[in-house]
Structure formats: C-alpha cells, structure tokens
Visitor: 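Okay, here's the structure, questions in a sec.
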Amino acid sequence: GVWRQTRALLFKNCLIKCRTKKSSVQEVLFPLFFLFWLILMSMMHPHRKYDEVANTDLGPLDTSELVNFVIGYTPPTPVAREIMKKVAFDNFEDGLITEEYLSEEELEEASFLKPSGFVGVVFKDSMSYQLRFRDSIAMSSIYMESR
C-alpha cells in the first residue's frame with residue numbers, strides 16, 4: 001500500500017521534472033545565484049574588527065556646555081528623586097538644575113517653554129526610563145519595543 005503509493009508519487013514527480021526542464025533548472029539555479037550574490041556582498045563589505053581600547057583617564061568633564069542645562073523628570077517618586085539627586089550632585093561640582101513634574105503632560109509642556117538645554121526623563125519603573133528631548137524621544141538601545 002504505502003510503498004506503492006510513495007513509488008508512484010516519486011515517479012510522477014520525476015516525470016513532471018523531466019517535462020518542465022526550464023522551471024526545474026530555475027529551481028536549482030536561483031538559490032545558487034542568490035547565495036553567490038550574498039557571498040559577493042559580504043566580501044565587498046567585510047566586518048571590521050577593532051582592537052581593544054585600554055582603560056584611560058579621560059580627565060575632568062567640561063561643564064562649560066552644561067551651564068543652562070535643565071533636567072526634568074516624572075513621576076516624582078522617592079527612587080526617581082534619589083537617582084536625579086545622584087546625577088545632579090555626584091558628577092558635577094555646581095550641580096545641574098533638576099525639576100520634578102507630576103505628569104508626562106506637564107513635562108512635555110515644560111520642554112516647549114524651556115530653553116534648548118532641557119531634557120526630560122520619564123521613569124517607567126525603578127529600572128527603566130525614557131529620555132525626551134525637545135522634539136524627539138530617545139529609546140534605549142537595549143530595550144526595543146514597537147511604537
């Protein structure tokens with residue numbers, strides 16, 4: 001039963017392949033052509049390997065560009081306050097100006113009213129956040145989600 005049906009099916013497929021030689025050749029050659037094309041493209045643009053860079057002291061941070069820099073954040077939770085306090089005072093001698101906002105809408109309104117040196121930080125939870133610049137949202141490169 002099964003062997004006879006399998007043999008008949010194979011014989012039928014061989015006959016079809018022999019009668020339609022053009023499409024049979026295309027079935028074999030197109031994948032080979034695309035494989036050749038991919039290999040050629042990868043050879044034209046080889047991967048670059050960069051040497052390891054040793055740890056070096058980069059010197060003090062140039063804070064002259066951060067004179068009118070304002071960081072706004074929301075929601076004003078104790079964890080967010082602690083993080084922003086650490087950002088403002090541990091890394092900069094004079095400290096950065098940080099402002100807390102009750103909602104994302106208030107933060108967005110403030111970004112339009114403030115100067116170009118305004119950055120918004122929206123804390124999603126204690127471990128993730130989004131940066132909001134004047135006219136865009138910066139997504140983390142580690143966490144990708146569809147918009």
Visitor: List the atom of Ser128, the atom of Asp125, and the distance in Å for their closest heavy-atom pair.
Guide: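 Heavy atoms only, the tightest pair is N-OD1, 2.9 Å.
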Visitor: If you compare all heavy atoms of Tyr101 against all heavy atoms of Pro76, which two are closest, and at what distance to 0.1 Å?
Guide: O-CD, 3.2 Å
Visitor: Closest heavy-atom contact between Pro75 and Ala80?
Guide: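 Between these two residues, the closest heavy atoms are O-CB, 3.6 Å.
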Visitor: Set out, in order, the CA-CA distance, both residues' side-chain angles and the distance that settles side chain to side chain contact (heavy atoms under 4.5 Å, CB included) for Phe123 and Tyr73, then state yes or no.
Guide: CA-CA 7 Å; Phe123 288 95; Tyr73 65 94; 4.0 Å; yes
Visitor: For the CD atom of Glu100 and the OG1 atom of Thr77, what is their distance to the nearest 0.5 Å?
Guide: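 Answer rounded to 0.5 Å: 9.0 Å.
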Visitor: Between Thr20 and Ser23 (side chain of the first, backbone of the second, donor and acceptor by atom type, cut-off under 3.5 Å), is there such a pair?
Guide: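 No, because the side chain of Thr20 does not come within donor-acceptor range (under 3.5 Å) of the backbone of Ser23.
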Visitor: What residue among Val122, Ile71, Val121 forms side-chain contact (heavy atoms from CB on, under 4.5 Å) with Leu131?
Guide: Val121
Visitor: Going only through I, L, V, M, F, W and Y residues with side-chain contacts under 4.5 Å, is there a path from Val25 to Leu32?
Guide: yes
Visitor: So how far is it from Arg132 CZ to Thr74 OG1, rounded to the nearest 0.5 Å?
Guide: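 Answer for the CZ-OG1 pair, Arg132 versus Thr74, is 9.5 Å.
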Visitor: Return the CG to CZ distance between Leu107 and Phe118, rounded to the nearest 0.5 Å.
Guide: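 Reported to 0.5 Å precision, the distance equals 5.0 Å.
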Visitor: How long is the straight-line distance from OG of Ser103 back to CD of Glu109, given to the nearest 0.5 Å?
Guide: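 Separation between the atoms: 7.5 Å.
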Visitor: If Ile, Leu, Val, Met, Phe, Trp and Tyr residues are connected whenever their side-chain heavy atoms lie under 4.5 Å apart, and connections chain through other members, are Phe33 and Met41 in the same group?
Guide: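 Unlinked, Phe33 and Met41 end up in two clusters.
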Visitor: Any idea how Phe34 and Phe30 line up, ring-wise: parallel (<30°), tilted (30 to 60°), or perpendicular (>60°)?
Guide: tilted
Visitor: If you take all heavy atoms of Pro31 and Glu27, which pair is closest and at what distance?
Guide: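 Closest heavy-atom pair between Pro31 and Glu27: CD-O, 3.2 Å.
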Visitor: Classify the side-chain pair Gln5/Arg7 by whether it contains a donor and acceptor separated by less than 3.5 Å.
Guide: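 No - no donor-acceptor pair under 3.5 Å links their side chains.
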Visitor: With rounding to the nearest 0.5 Å, note down the distance linking CD in Gln130 to NZ in Lys124.
Guide: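 It is 4.5 Å, given to the nearest 0.5 Å.
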Visitor: Just verifying a value: how many Å separate Glu104 CD and Glu108 CD, rounded to the nearest 0.5 Å?
Guide: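 The CD atom of Glu104 sits 8.5 Å away from the CD atom of Glu108.
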Visitor: Under 3.5 Å, side chain of Thr98 to main-chain N/O of Met84, donor-acceptor pair present?
Guide: no
Visitor: For atom NZ of Lys21, decide whether the heavy atoms of other residues, nucleotides or ligands shown that lie under 6.0 angstrom number more than 12.
Guide: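 No - once you tally the heavy atoms of other residues, nucleotides and ligands closer than 6.0 Å, there are 12 at most.
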